[in-house]
Each structure stands twice: as structure tokens, then as C-alpha cells.
Amino acid sequence: MPSSRRRRFGDSELRFADVFGTESSGSLSQVLRRAEEEPVDEDQEEYVLFGTLQGSVVGLRYYTGVVNKGEMVSLVREPHNPYDRNAVMVANVYGSQVGHIRRQLAAPMAYIMDNNLAKVEGVVVYRTNNQFTMPVHLSFWGKEENRLAIVNELSSHGFKLALGSKGGQGTSRGGATLERFWTVSRRTTAVPLTPEQLKNAFDKLFDDLMEDKTREMEAAEAVCTALLPHQKQALAWMALRENSDELPPFWEQQNNLYFNVLTSFAVKERPDKVLGGILADDMGLGKTLTTIALILTNFHNGKPLPLQGCAGSAKTKVSSEPAKTDGLRSGSHFAEEKPQGAASSSQCKRHLDASNVIVISDSEDAGEGVAPKKKGSAMLSEDSDFAAALGGVLQVPSSQKKKACKKREDCDEMQGGTGTSAGPRATLIVCPLSVLSNWLDQFEQHVCADVNVHVYYGSNRIRNPRFLAKQDVVLTTYNILSTDYTDKRCRPLQEVSWLRVVLDEGHVVRNPAALQSKAVLGLRAERRWVLSGTPIQNSLKDLWMLISFLRLKPFDTREWWNRVIQRPVTLGDETGLQNLQTLVKGITLRRTKSSRVGGRLLVELPQKQVFVEHITLTKDERQQYKKLKKDSRAIVKRYFREGTVMTNYADILAMLVRLRQLCCHPQLLGSSGTSDAGLVGTTENVSTPDELRQHLVEKITLVLSSGSDEECPVCLESLRQPVMTHCAHVYCKPCICEVIRSEKENAKCPLCRAQINISELVEYPGEQENLDMSQDKDKCLSSSKVDALMIHLLQLRTQDPSIKSLVVSQFTKFLSLLEVPLREHGFNFTRLDGSMSQKSRVEAIQAFQDSAQGSPSVMLLSLKAGGVGLNLTAASRVFLMDPAWNPAAEDQCIDRCHRLGQQSDVMVTKFIVKDSIEENMVKIQRKKQELVKKAFGAKNAEERKQSRIQDIRALMEL
DNA sequence: ACCGCCGGGTGCC
DNA sequence: ACCGCCGGGTGCC
């Protein structure tokens, strides 16, 4: 850049230098991403193509960005440009500025873009040999209602939109006249698909993902559980993905350039490798074990993790912050109860005996760099630390031990000392709290070497990045990750350079606006993995987060994802679908329980049978139910009449809860349950702020104490840290706080648009065990449902006392009520619910899984307690006491025992009260399941609201 | 830019 | 000479 020009255009040059200068690529992505964080980034699914326009890009000679024929460009408004506040900048896929839109056209475009009337997308369809300007093909996308405004604005500046032909194409060809300039080979023309075809295509997305992924790999010696064949395949594939030198999907090498087939973008530098991917195996196929095996086996180029091992210990060493009793002390009890090396050294020996003891001789004379002859030996010989790790057990000559110890100590002085190189060592695993203990269990169970697993959790967690980097594995939760992220001053997880980051249940991260998403995207790592049985939860949009996390350029920027993948696919473009499949295929391994390898089932599970048992209420129960239903209906009817269903949503939910409770047991309603007072009052007769607050606390307690699986209207997930607004709507605390923060003083409730602010939010006081319960013990009445359950349990005990059962309810209070008859009949039982500490959970699970005589035969389980990873295979009977809103939650619950390791056939009994709200719920469940099958996502806020209202009608039979 | 536009030089053909 | 025409300088926003 000549200095005269720099002076001349000083202001703007400088600013661009700031934005683009520091990094060679990706900076614009950040700018774009920042822009997209603003609320204007609505569902583009409703967008239609208004038309196209030929424009020109000027000022090419001032910028370095290049564009090839057919390449897509992005258009970015530059409201602060000193020469023209209408300026529209043009940038290529990698974010380098190419030029500006000519000012005459920039004027109407600025208006359109600033008022969010349309999204304008550019493609440089052909190039002239003009070095100063180039033509750009602009397509205008937006909501139908804005069409007129756009057409008017353009025509007032003398521009006219040409009708867009064959819309949809991400690599938009726009006007038919331009078709001939399109040279990149695209064989198929866009043929819209029917929803049915689309759905099938989505299923197919994961088909054929097995091919050439059947090679097996043995796990490192430190893994002492024998992997099943399909797990060895997954391990081989994962290691391959981590050591891969391949170009990411859609990149091809052409001469000395790297060319992106989809965006036509070419760069000299090789695009960053995408190390990692999505392990999308079905639940129960052992994603956790496979990942543990990966961590231990593939530290560097297929070599195992070098383990320190000075002492004679050979077990997973779990550490967490010292003593602190705030809720959860994951893992610490392992250390307390089983001092290092004591418990499992026998396990280790067993393992070593069974595998190869040649280890030592090999490791001594193999020297450096000898090609591996057999599994294990080479890994050991090439890494003295690892040999030393085993040495503790195998009695390596003491000189070698000492040497290894010394080395380890030295390494500890360096940040993230690895024992072999200066590169990062630690793997960060982020998981939902519910499966955290499962990870610890699995490390404990499957690893027999000295692996440092540090639990980063609890208020006294060690916020020291240097310390964290030195661990082998750091386990934390999404919650901690996002909480830390809000503290700008101390974000240890963000500071560490991880060898590997694993997102367990990765689909929980799907809303790009959520804090946890930002935190996840900010993590630094060489390799990235997403574990999820259901990578696409609701819609294709969900996948973007994951792709973005994996940094699959250029799709980690929302614009390119939308243009090239999401919109073409949702518009039914077959090419778009093919592209999506190629993309997913390249980075995903998915097998289901019914997948077959070489004609054989991947995993043979015992049978599962589901029975529905209809319960008839007693005369008394029926009468009570009828009365409550009549009163509730009257109130809901009134809301419908007044059109205030949404504003009184919490009240309605509370009434529904009461009806459901009554189906289970009258005592669930509590003291107020028997009279009209039990119905929720309106806020009208509440005057003081204190009263209002108290009132809201009662409401939120009523709505949530039941375990009703309400979703947060912002993140669409199950509620996390639920809070209630003054207008009585429930959200995740972080979600609604984020809304309030971004909207400042004018924050409105997303559901009813009432004014809200942070100080007025009412927190959910949590599950309180009803105290009168214990006093009522003796006069505890039974109920039809309780009786039905007891008949089953007693029968089972006579039939075969070793059979274990899960008794599941959403109402923890109901579980407490059930304890009474269980005790009366001398059942030994355990209990697992959300209010329990991590420690007592683990104890409950262990006790239940124990097969010894006299071990508990029943587990009282709250539906949402314990996450997906929970392993309750000791049970072969499941009693679902009450239907859930979300049928998937029930299935998940059943799968906790119907999974790998289950020895017997599983029988599930669902109790449904005849002629009650429960039957209506089942109907809705069924309908929803069909909907999920048919329409793929595509539900916007309004549709969701409508469907909720419809649900209420159906439930109340209105 | 093999353009458009601006402004200075110039002035029959 | 308050025009036309010529040719050099110049050029995104």
C-alpha cells in the first residue's frame, strides 16, 4: 500500500487493519458472528427470494482480498465509513476485504440492510479483466411482508429486481441469464423435495456412515476392559480422525491452490485440519469407554498417553478441590475411600497377565524408533514414562524408575509438561452434571494406570490454568464452563491449550446465543470431539453449533452455513442435501443398536416389552378428581374466553400438575389439595411486593416441584436454574438474564411482553421434602396406583426375588409416599432423585447394581434424575408410575436398564389412569412423536405457543 | 479505466 | 469565449 494512499484513506484503513490485520483469517468471521449475535438473526427459514440484481464491486485495487469466478462473497454494512455512511463492504469467504458496493447501489442497500428488510447475498458469477471493478450478483432474501418496501426503495434509486429463478441454491446462480457463466460443475438442478422425502433424506444422512470405518484398533494397555469389536472400530476411526492429514470436507487441492468446491474459494495456505469429529453412536454403545480408550491410546500419532508412575500405584487418580460440601464433591470420595493403588492393583495385574508380559523385555531392548511389531510393545518401548507407569507393578529395575520420576518432576515445572514434548497434554471433558459421576465411574472401572482425572467443579475449584494443563483429564460441566465464562478476569478453562476437548452429550449446546455456546466455541484445542446420540435434536440448525465448534471452515461462520447448507436443504434442494451428507459423513461415526456390520447386529440386546396398565380409580378418588377437574376447567375456560391463556400459563400448568398428582395419590396435593383453595389464585388480590413474591414462589414451586418437564422458552432446553418472572413465566436464569442484559431497561418477557428486570426474578427454592410426610406415616393411605404397583412387586418377589425393578415417577413426593408400603412389605430399596448429592447418588447406584443377596431390589427413581449415562442394568423391570410430557424422557429412562450389559429381557409397565388427564397426555405424546417424525423442526416461537395452547385444550377437553 | 468525469488550455478550417 | 472541442490527469467508500 503506497504511503500516500494510507494517509489519504487513513481513517478507514486503520480501522480495517484492526479488524483484519491481526489474523490472516477468521477475523471477519468474528465480525460476522458478532453481527449475528444481535437479535436480527431470526429464523431465515421463512425467507423467500425477492429477486436478484447485478451490482458492481469497486475499489478492488485498495484491498488484498481476491475472489474467483463463482465465489460467494459477503456484504457487510459499514455505517461509520467516513466517506459514505451508506457504505457496504464486500469480503470473500475468508473475510478479506475485496472492495465496496458502488455508492449509488449502496444507498438503497444500506437502507434495506439497516432496517433488516432483507438479507443480501453476493456471488461473483464471472470476472471481467477489469482490475478496478467487478460485477457481483446480488440476491435479496427476506420475509414476504417486506417485499414491497424493498422494491420501492430500490426503484426510487433507479434499480429493479430481476425475478429470481430456481431460488434456493446456496451457491446461488440467481438469474437464468447468468447460468452460462456458471462453470463449477453442478450436475443436478434443484428439485424441491416433499417433507416426507426430506425426512427420509435426513435419516439417510447417517446411513452408510459405516463403510470403511470397520477397521479395528486395540486400546492401549492402560485400558483394562476389553473393547467390543464395534468399540475398537470407533477407536480406530477416532484415532484416524485425530491423526488425519486429510483436507476437511469440500476442500480439494488444485495445482498449488486449495479450492473449496462449495464456495469456489481458493487459498494458497492449506486450510486448517479438522482433528476430531462427532461420535454419534446410539446410547449404550459405549461412547464413554471408547473416548477413554482414545484418550489413553492416541496421545500422539497413535502412541499412548505417557503416564507418570513413580509410586506403585496403578489406578485412576481422581482429584478435585479438597473439602467443600456445597452440593457436590464429585470424585473426592474415591480418593477418600480408596487410597491410591490399594483397591485396584489386582485388577491391573489381572490385566497385565492377560495381555502381554513381553512388555518389559521389549521396552528394554527396543531402543528408540523401532517399528511396532505388535500392539502395545512399541508404544511402551518408545516412551519410558509409560513403561515406568507399568513399571510400578511389574518391578522395572529401580534405576529406570528413578529416571522416569525425575523426568516427570522436571516436566511439572513447565506448563502442561507432557513428558515427551512441549505440546498440550490434557483432555477437557465437558458434560452435563448428571453424567459426571458416570465418567468418573468409567475411568475408575476401565483404567488401570496412573491417570490424573481432575474434577473441575464446586465453588472451591482450582482456577489455575497451569495446574489444569498438567492433568491428563479435566472433567467439568457445561454449567461451570458458562459460569466461568462470565467472569472475564478468571477463565482458566479458556486459557489452557487443550490437547483435546470433548463435549459429552454435545447436542445440549445448540443455541448459539446461549452463554455456554460462546464458552464452548472459545475453548482452545488441537482436537475436538462431540459425543451425542442425537446430534440433531430438533432441526438442522442444531448441527451448526457442532460444526462451528469443530471449526469446519468456512461453515463455522453462520452466513456460509446458512447459504450453502441450511437454506438449500430446507428449501428441498437435493444438491444441498448431498453436500450436507458429505459434510456430516466426513466427520461423523454413527451406529445404532440395530446397525449391522457384515450382516451381524452391532449389539445384541435382550428383548424389551412395554405394557400399558390402565388403572381404575376408586369411587372416592374419582369423585375428588371430578371436582378438581370441574373447577380447573372452569378457570381455564375463562382464560380462553378472555384470551389470557398465555398470561396465566403458570397457573394453568399448576392446575394440570394437580390433576396429574391426583391420578397418583391424593396426598400429593398437600394440605391445600382438598379444597378450592388448592387452585391457584390470581395476582389480582395480591397487594404488597412481599405478598407477590411469596405468591410467585408458591407458583414456581408448584409448577416445578412435580418434576414437570417444562422447557425454557429461550433455549428450548429443560429448565436450568429455573426462575420465574413477575408475570409468572419460567425461564432458565442464565437465559432470561441474558435477555435482560441485552435489552437493558426495555427488557420484556419473551412470552407475554410484560416489562421484566433482574431484581424481580424469583428463584425456585428447590425440592423440599415435605416434612409432614414423616408424621403422616402411619395414616398414609394407599391409592389405586400404589396398589397396582405393589401387586406387581409382590408377585415378582414370589416369582424370583433376584429380579430388580425401577419405580419411576416425576413426583419425588410420590416416591416418598411409595416408601411407606415398600417398607411395610419388607422391600429393600434405594432411591435416586435430583435433590441428592453426587456422593449419595453414587452410593445409591452402587448399592442397587450390586447383585449380592439382600441388596436392594427396588430403586425409586425420579424421571429426570440422572442423565443419559446412568447405568442401571441390574434392573429388568421398569414401572413408569405417571406419564411424562416428553416421551423421549421415558424412553431414556427405560434405556438406563435396557442397554449394554443387560442380561435379561426387560419389561416395562406404564400405569395410566383411565379417563383422566393421563390418557390425554398419552394422546398428546403420540401426536408429538408423529410430528417429530414428519416435520423436521421448523417450529418457530409462535408455532410453539400455538401448539402449547392446543395441548391445553386437549388436556382439559375443551 | 480501450471508460466517464473534471477542469485547464484553447479558439476558422 | 456566459460556448464547444481537445487531451491530460485521474479514479471506492
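Chain letters run A, B, ... following the sequence lines, proteins first and then strands; every chain starts at 1.
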Taking the side chain as C-beta and beyond, is there a heavy-atom pair between A:Trp251 and A:Asn260 under 4.5 Å?
yes
Just so I know, are the side chains of A:Arg270 and A:Leu247 near enough to count as touching, which here means a heavy-atom distance under 4.5 Å?
yes
Categorize A:Leu60 for me: base, sugar-phosphate, or nothing, with a 4.0 angstrom heavy-atom threshold over every strand shown.
nothing
Could you let me know what B:dC13 is paired to, Watson-Crick or G-U wobble, both distances under 3.5 Å, or none if it's on its own?
none
Nearest whole angstrom, please: distance from the [atom2] of [N] to the [atom1] of [X].
{"X": "A:Gln131", "N": "C:dC12", "atom1": "CD", "atom2": "C1'", "answer": "15 Å"}
{"X": "A:Arg102", "N": "B:dG4", "atom1": "CZ", "atom2": "C1'", "answer": "10 Å"}
{"X": "A:Arg103", "N": "B:dC5", "atom1": "CZ", "atom2": "C1'", "answer": "14 Å"}
{"X": "A:Gln104", "N": "C:dC12", "atom1": "CD", "atom2": "P", "answer": "12 Å"}
{"X": "A:Asn81", "N": "C:dC13", "atom1": "CG", "atom2": "C1'", "answer": "5 Å"}
{"X": "A:Asn130", "N": "B:dC3", "atom1": "CG", "atom2": "P", "answer": "12 Å"}
{"X": "A:His100", "N": "C:dG11", "atom1": "NE2", "atom2": "P", "answer": "17 Å"}

Are any of the side-chain nitrogens in A:Asp114 or A:Arg77 under 4.0 Å away from the carboxylate oxygens of its partner?
yes
Quantified in whole Å, what is the [atom1] atom distance between nucleotide [N] and nucleotide [M]?
{"N": "C:dG4", "M": "C:dG9", "atom1": "P", "answer": "26 Å"}
{"N": "B:dG8", "M": "B:dC12", "atom1": "C1'", "answer": "22 Å"}
{"N": "C:dT10", "M": "C:dC6", "atom1": "P", "answer": "22 Å"}
{"N": "C:dC13", "M": "B:dC2", "atom1": "C1'", "answer": "26 Å"}

Any stacking of A:Phe132 on C:dG11, going by centres under 5.5 angstrom and planes within less than 30 degrees?
no
Tell me whether the ring of A:Tyr62 lies stacked over the C:dC12 base, given a 5.5 Å limit on centroids and a 30° limit on the plane angle.
yes
Between A:Gln97 and A:Tyr63 the two heavy atoms that sit nearest each other are O-CB, 3.1 Å
With no angle test and no hydrogens, is the base of C:dC13 tied to the side chain of A:Asp84 by a donor-acceptor pair under 3.5 Å?
no
For the side chain of A:Arg563 and the backbone of A:Ser74, is there at least one donor-acceptor N/O pair under 3.5 Å apart?
no
Syn or anti for B:dA1, please, going by whether the chi angle lies within 90° of 0.
anti
